[in-house]
Amino acid sequence: MDFASVFCKKPVLNKKIEADIFRTLRYVRSDKLKQILQNLLDEALTEIMKSEGIESDIPEYTIETPNNPDHGDFATNIAMKSAKIFRKKPMDIAAKITETVKHPLIKSAEAVMPGFINFRISDTFYQDIVKKAVESDEFFTSDYGRGRKTMVEFVSANPTGPLHVGHGRNAAYGDSLARIMRAAGYDVHTEYYINDAGNQMNNLGKSIYVRYLELLGRDVEFPEDGYKGEYIIDISKALLEENGGKIAEMPEAEAVAMCLARGLTDITNEIALTLKNFNVDMEIWFSEKSLYKSGEVESSLKYLMDRGFIYEKDGALWFDSTKFGDDKDRVVKRSNGEYTYFTSDIAYHKNKYDRGFMSVIDVWGADHHGYVKRLSSAIEAIGYEDRDFNVSLIQMVSLLSSGERVSMSTRAGSFITLDWLVEEVGADAARFFYAMRDYEAQFDFDIDLAKKKSSDNPVYYVQYAHARVQSLLSKAENEGIKFELCTHLDKISSKEELELIKKIYDYNSVLEQASRGRQPHRMAYYLQELAALFHAYYFNNTIINAEDSELTSVRLSIAVAVGNAVRNGLGLLGVSAPDRM
RNA sequence: GCGCCCAUAGCUCAACAGGAUAGAGCAACGGACUUCUAAUCCGUAGGUUUGAGGUUCGAGUCCUCAUGGGCGCGCCA
């Protein structure tokens, strides 16, 4: 079975299924030592099975870095997992395996109750970690994704108003995920889908038009479902200033179109600026309207028709999504001849795959979850068997103002803008704040907390670790202290240092976990743990010692390794790593 | 009514594909600046992981049911 066909049997809807697939594949870890251990264990187990005359597959087992240092540097549950096959006690199997497994990097292997095997690793391995982390940022990347061409589509808010703090969560998540997956070896591109077609656009144009007329003193009625925000009036004012009352003289349809065009440009530019200030790297802006212009909406519908997934009923065209497990079939062309939003979305996703994306991730608000099944059905019907499709449903952000829940509505014009938040607490703090939450958990955004507690934000704790390292380096330089990075690393011996280095080593598996689970928050937590270890280390040990250049070299090397980890990790979250604070 | 997500310390949240003694921050209390930046460190206290069953060597994690909260069920987007 080759990788692609297993990976993408059908559109994958949640990370659980994805995890199953990875298990089936016996994913080859990019992490070298774990790879070595896995090979050794596989061999040892095969050997034992042979001598016992047992024929069976090697069971799934894990190799992990235990939290408890008493449990060694690496631990595996292989013996417990294979107890059933052997019909023997896990401890007996573990004991046998420990006798068989031998490798220069393995200092000891110990079988302990209830059947774990704990490995202790040679010091040279950890010395090597420091060296690698100091010398190249490549240490903080992985080839886990194997260059798979992936799109992360996120934000994609309707261009009918400014982004609010709910969009902020989506933006922070999508951008961090893209950066993380890129670092984990995927070929990632980011994209914003602009819904510049459809009813809401007409609505927007009308809103601007009516405000325009109001500015001229005309007595007109504001549309009931129009956009009531202040920013609409700003657009009308700009139009008025530029061309006087000219638009009022035009036929209404033409006038509305003109208002719409201007509104769309202004709002989209505004959104782009907001994202830029939020340190979000959006590469492609994709217009929905362009899909109509290019004929792709029609052609993709025809594509599905030819494959027999479309039928006619009550004067409308329906997509047979129940065939793929959806609750009901969905309309793709209304009886009045108009396409639905769903239809252009099908075309859009076909377009994504046609552009060569093997993997597509959509980041949506959780209120759209009812939409997932129909789209994944359509993608399945399109039939790219080797592709996969995932949706990250970001749970809602509710605003908490003095204990009260406030709902956000673009149409009613009541929302806290992302711009406001960034101005209030800064992009770094805001990004980290968002990054700390798992996307599946609801998020109560406490406005008072954001304003008041900006200096309590853990982001400063992490950034400070980086600033400390930089300050150590510049001090050593300024005072002419003799040191040479990555020398005398054999002097590393203290428990504290080893613990810190192990944490640096963990960076890679955190990166892979965050990528696999599409969970950037893991990186945020990891960075706090790493910073905590470093701050303690710094406090208990004098790093720069003018009398002892060897010791200084060792400690500065560790510090620089930490600093590099922090800088890289913060970068993945779109947070800066200042040299001074 | 049907479907999706969530429930862990007083509060906000973690817990790596089911692993060993469930961890941080804030808040509380007690300590550490003649020091490489105290935006720091050390210590104390805080838990029947909402409840009841089940699966197994092992469950916060998987399954079933219940309770509570959020969201969704259009020829809207």
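Chain letters run A, B, ... following the sequence lines, proteins first, then strands; residues in each count from 1.
In this structure, W364(A) atom CH2 and A77(B) atom P are separated by 14 Å, rounded to whole Å. Regarding N68(A), its CG atom lies at a distance of 17 Å from the P atom of C16(B), rounded to whole Å. Counting to the nearest Å, the P atom of G74(B) and the CH2 atom of W318(A) are 11 Å from each other. Atom CD1 in I117(A) sits roughly 17 Å away from atom P in G19(B) (whole-Å rounding). For R468(A) and U37(B), the CZ to C1' distance is 7 Å, given to the nearest whole Å. Computed from coordinates, the D438(A) CG to A24(B) P distance equals 20 Å when rounded to whole Å. The distance from atom CD of E529(A) to atom C1' of A15(B) is 9 Å, rounded to the nearest whole Å. Atom pair K328(A):NZ and C2(B):C1' shows a separation of 10 Å (rounding to whole Å applied).
For Q442(A), whose side chain is taken as the heavy atoms from C-beta onward, the closest listed nucleotide among C5(B), A77(B), A38(B) is C5(B). Nearest to the side chain of D367(A), among C71(B), U37(B), C16(B), sits C71(B). The side chain of E440(A) sits closest to C5(B) out of C5(B), C75(B), C76(B). Nearest nucleotide to the side chain of P66(A), out of C36(B), A20(B), C41(B): A20(B). Listed nucleotides: C5(B), U40(B), C36(B). Nearest to the side chain of Y538(A): C36(B). Of the candidates C16(B), A39(B), G19(B), the closest approach to any side-chain atom of R516(A) belongs to C16(B). You'll find that the side chain of T542(A) is closest to C36(B), out of A14(B), U40(B), C36(B). Taking every side-chain heavy atom of K84(A) into account, C57(B) is the closest of C57(B), A38(B), C41(B).
Using a 4.0 Å heavy-atom cutoff across all strands shown, M80(A) reaches at least one base atom of the nucleic acid. Contact annotation for Y341(A): base contact, defined as any heavy-atom pair under 4.0 Å involving a base atom. Contact annotation for S335(A): base contact, defined as any heavy-atom pair under 4.0 Å involving a base atom. Using a 4.0 Å heavy-atom distance criterion, H535(A) is classed as a sugar-phosphate-only contact. Within 4.0 Å of D345(A), counting heavy atoms only, lies no atom of the nucleic acid at all. Residue contacts for K88(A): at a heavy-atom cut-off of 4.0 Å it reaches no nucleic acid atom on any strand shown. Nucleic acid contact class of V112(A) (heavy atoms, under 4.0 Å, all strands): base. Residue contacts shown for H521(A) are limited to sugar-phosphate atoms, with no base heavy atom under 4.0 Å away. Within the nucleic acid shown, A536(A) comes within 4.0 Å of sugar-phosphate atoms alone, with no base atom in reach, counting heavy atoms only. No contact: D327(A) has no heavy atom under 4.0 Å from any strand. N118(A) comes within contact range of at least one nucleobase, with a heavy-atom separation under 4.0 Å. Heavy atoms of Q528(A) sit nowhere under 4.0 angstrom from any nucleic acid atom. Counting any heavy atom pair closer than 4.0 Å across all strands shown, N77(A) reaches a base atom.
Using a 4.0 Å cut-off between charged side-chain N and carboxylate O, D320(A) and K323(A) make a salt bridge. K503(A) has no carboxylate O lying under 4.0 Å from a charged side-chain N of E499(A), or vice versa, which leaves the two without a salt bridge. D506(A) has no carboxylate O lying under 4.0 Å from a charged side-chain N of K502(A), or vice versa, which leaves the two without a salt bridge. Between D327(A) and K373(A), none of the side-chain N atoms (NZ, or NE/NH1/NH2) sits under 4.0 Å from a carboxylate O, so this pair counts as no salt bridge.
Stacking between H369(A) and G72(B) is absent: the aromatic ring centre is not both under 5.5 angstrom from the base six-membered ring centre and within 30 degrees in plane angle. Between the side-chain ring of F116(A) and the base of A20(B), a stacking contact exists by the 5.5 Å and 30° definition.
Side-chain contact check for Y311(A) and D329(A): at least one donor-acceptor pair (N or O, by modelled atom type) lies under 3.5 Å. Side-chain contact, Y537(A) with E497(A): a donor N or O sits under 3.5 Å from an acceptor N or O.
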Annotated structure of RNA chain B as dot-bracket, pair cut-off 3.5 Å, Watson-Crick or G-U only, | for inter-strand, is (((((((..((((.....[...)))).(((((.......))))).....(((((..]....))))))))))))....
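With both ends at atom P, the span from C26(B) to G68(B) equals 35 Å, rounded to whole Å. Taking atom C1' on both G10(B) and G53(B), the two are 31 Å apart, rounded to the nearest angstrom. Using C1' as the reference atom, C16(B) and A20(B) are 15 Å apart when rounded to the nearest Å. Comparing the same atom, P, in U44(B) and in G54(B) gives a spacing of 38 Å after rounding to whole Å. When the C1' atom is compared between G1(B) and G60(B), the two are found 31 Å apart, to the nearest whole Å. Comparing the P positions of C5(B) and C11(B) gives an interatomic distance of 25 Å, to the nearest angstrom. Only the P atoms considered, A52(B) is 24 Å distant from A14(B), to the nearest whole Å.
For a distance-only test at 3.5 Å, the side chain of E64(A) fails to qualify as a donor-acceptor partner of the base of G19(B). Counting distance only, with no hydrogens placed and no angle test, the side-chain atoms of R522(A) and the base atoms of A14(B) include no donor-acceptor pair under 3.5 Å.
Considering every non-hydrogen atom in both L177(A) and P520(A), the closest pair reads N-CG, 4.0 Å. Here the closest non-hydrogen pair linking I58(A) and L45(A) is CG2-CD2, 4.0 Å. Scanning both residues, L573(A) and R431(A), for their nearest heavy atoms gives O-NH2, 3.1 Å.
Here the side chains of E338(A) and K333(A) are not in contact, with every heavy-atom distance at 4.5 Å or above. Under the 4.5 Å side-chain criterion, counting only non-hydrogen atoms from C-beta, F286(A) is not in contact with I194(A).
With S335(A) contributing its side chain and G315(A) its backbone, the two residues share no donor-acceptor pair below 3.5 Å.
A close approach under 4.0 Å does not occur between any side-chain nitrogen or oxygen of R580(A) and OP1 or OP2 of U37(B). At the phosphate of C36(B), neither OP1 nor OP2 sits under 4.0 Å from any side-chain N or O atom of R555(A). A sub-4.0 Å separation between OP1 or OP2 of A77(B) and a side-chain N or O of Y227(A) is absent.
Of the residues near RNA chain B, I543(A) and A531(A), the one whose nearest nucleotide (by heavy atom distance) lies more toward the 5' end is I543(A). Remark on RNA chain B: of its neighbouring residues R330(A) and F342(A), the 5'-side contact belongs to R330(A), judged by nearest-heavy-atom nucleotide.
Outside the 6.0 Å centre-distance limit, the rings of Y460(A) and F432(A) are not counted as a close aromatic pair.
Both tests pass for R468(A) against the ring of Y538(A): distance under 6.0 Å to the centre and angle within 45° of the axis.
Within residues 476-483 of chain A, no residue has any heavy atom under 4.0 Å from RNA chain B.
Base orientation of A17(B): syn, since the glycosidic angle falls within 90° of 0.
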